[in-house]
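Below is one structure, written out as structure tokens; the observations come after it.
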Amino acid sequence: MPGLLDASVSLCFRETMIAPFEYRIPCCWPSLPAEESVRPYFEEIDSKRWYSNFGPLCLRLQGQLAGHFSLDPGQVSLVANGTLGLTLALMARKKHAKGLCLMPSWTFVATAHAALLAGLTPFFVDVDPVSWALTPRIAEAALSKIDRPIAAIMPVCPFGSPVCLDEWADFERETGLPVIVDAAAAFDGIRPGSVPALISLHATKIFGVGEGGLLLCSDADMIRDVTRRSNFGFYDSREVEVPSLNAKFSEYHAAVGLAAMAQWPSTRKLIQSACDEYLKELSRVPGVSFLPGFGSDWISATCAVAIEGDRLEKIVRRLDEQGIESRRWWREGCHKEKAFSDCPRTDLATTESLAKKVLSLPMFPGIGQDEIKLVCRTLTEEMLPSQAV
Ligand SMILES: Cc1ncc(COP(=O)(O)O)c(C=O)c1O
């Protein structure tokens, strides 16, 4: 990949896809398998004339992903995207047809959209200030104050930082409430268990296929239910017993997934070296912190840092002046979005404080050391003006 600093401008991926935007160093620059590595799989699709509906490539990828996570193929379901995967898991597991879905406000809007699509009302709760995640303890405290039916709990792995599924399994046993974990960005760090975890395979994620979702759960009956619900409710027969969607994973996405699987060791290495560089440059800068375990226990295609001292806006401006894109992926938290402004919530003091200090820095496969050094120098100069270089 050419060094971004050598190019005068590079076309940046925009989340909204409304208009291309030019930055010298984009925040996010997905890199999916190149055409030549996908071509043999496309040829296989052409020869078999099987394009969707759990075709041979989808099943092969399912088997490979199951092996990757030390699961059986029946403990893995591939779906059209992460949002629909969360929706289907809620449809399969919710305790009441209607009711509340407890979730952090500190998440991407997809978590809340999924609850609404599944017929539930998001109930926003706060997160832990260290892990930025909803914990069983916070959820228990919220439960004691809610007097409406609670249908499900949906903790989120913030920016790829894994939550412990065993702790949530204990919570399920103690409360009798179903938990589904939104592990959208946690392909690298999540360890599957009896609580279902949904990983997004969107292009921006560390293991991207374009659009896709991967549900992992040791409970094969639950996975079967979600797979059935991703296919209009059909499984062994065309009898439909439960409300369902069409959220199948196409053979074309499976083709990209199989090529991405073959490249995973090298993709992971590239991201790991970017994480290492960020840690080297920023770990000793006062007022800048990473999520626990970032770069050592898990990696992600997002490098989110917390910046203390009300300096976020100024830093965003300084980065911008250097042609460096940074993002506040989760803006002010879901409760501040108009679509969810009517949703009930508890006090969200930690969420509101995180919204003022969390910033995502450029991170993508192939980002160069020089690019990361420039990002970190710009940030450090703002945090330590007396030591400006
Ligand atoms: C926390 C979180 N949940 C859910 C999603 C939705 O995943 P998808 O884009 O595959 O629908 C995302 C996507 O970025 C996410 O970050």
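None of the values given here were measured: they were computed from a predicted structure. Each ligand, and each atom within it, is numbered from 1 in the order the structure gives.
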Has ligand 1 got any nitrogen or oxygen that is less than 3.5 angstrom from a nitrogen or oxygen of Trp330? no

Charged N-O contact under 4.0 Å between Glu44 and Lys48: yes

Contact with ligand 1 for Gly212, non-hydrogen, under 4.0 angstrom: yes

Presence of salt bridge, Asp170 and Arg173, under 4.0 angstrom: yes

Calculate, to the nearest 0.5 Å, the distance between atoms CZ and CZ belonging to Arg148 and Phe123 respectively. 8.0 Å

Heavy atom of the protein closest to atom 12 (C) of ligand 1 (residue, atom name, distance): Phe108 CD2, 3.5 Å

Output the list of atoms in ligand 1 that are nearer than 4.0 Å to some heavy atom of Thr107, sorted by atom number. 1 (C)

Member of Gln62, Gln64, His68 meeting the side-chain contact (heavy atoms from CB on, under 4.5 Å) criterion with Val76: Gln62

Does Val240 sit in a hydrophobic cluster with other residues, and if so which ones, taking ILVMFWY side chains as linked at heavy-atom separations under 4.5 Å, directly or through other members? Phe232, Phe234

In terms of residue, atom name and distance, what is the protein heavy atom nearest to atom 5 (C) of ligand 1? Ala110 CB, 3.6 Å

Give yes or no for whether the N/O distance cutoff of 3.5 Å, strictly under, is met between Glu211 and ligand 1. no

What protein heavy atom sits nearest atom 3 (N) of ligand 1, and how far off is it? Asp182 OD2, 2.6 Å

Could you tell me which non-hydrogen atom of Ala220 sits nearest to which non-hydrogen atom of Gln75, and how far apart they are? CB-CG, 4.5 Å

How close does the nearest protein non-hydrogen atom get to atom 2 (C) of ligand 1, and which residue and atom is it? Ala184 CB, 3.3 Å

What are the atoms of ligand 1, with element, lying closer than 4.0 Å to any heavy atom of Ser200? 7 (O), 8 (P), 9 (O), 10 (O)

Holding to side-chain contact (heavy atoms from CB on, under 4.5 Å), I want the full list of residues that pass it with Glu211, two or more places apart in sequence or in another chain. Asn81, His202, His253

Ligand 1-proximal atoms of Lys205, by part, heavy-atom distance under 4.0 Å: side chain

Quick one: does ligand 1 sit under 4.0 Å from the side chain of Thr83, the backbone, both or neither, non-hydrogen atoms only? both

Could you walk me through whether Glu172 and Arg93 satisfy the salt bridge (charged side-chain N to carboxylate O under 4.0 Å, His left out) test, starting with their C-alpha distance in whole Å, then the side-chain angles of each, then the deciding distance to 0.1 Å, before giving a yes or no? CA-CA 12 Å; Glu172 279 194 335; Arg93 297 207 77 209; 2.7 Å; yes

Would Val156 count as a polar contact of ligand 1, with the cut-off being nitrogen or oxygen pairs under 3.5 Å? no

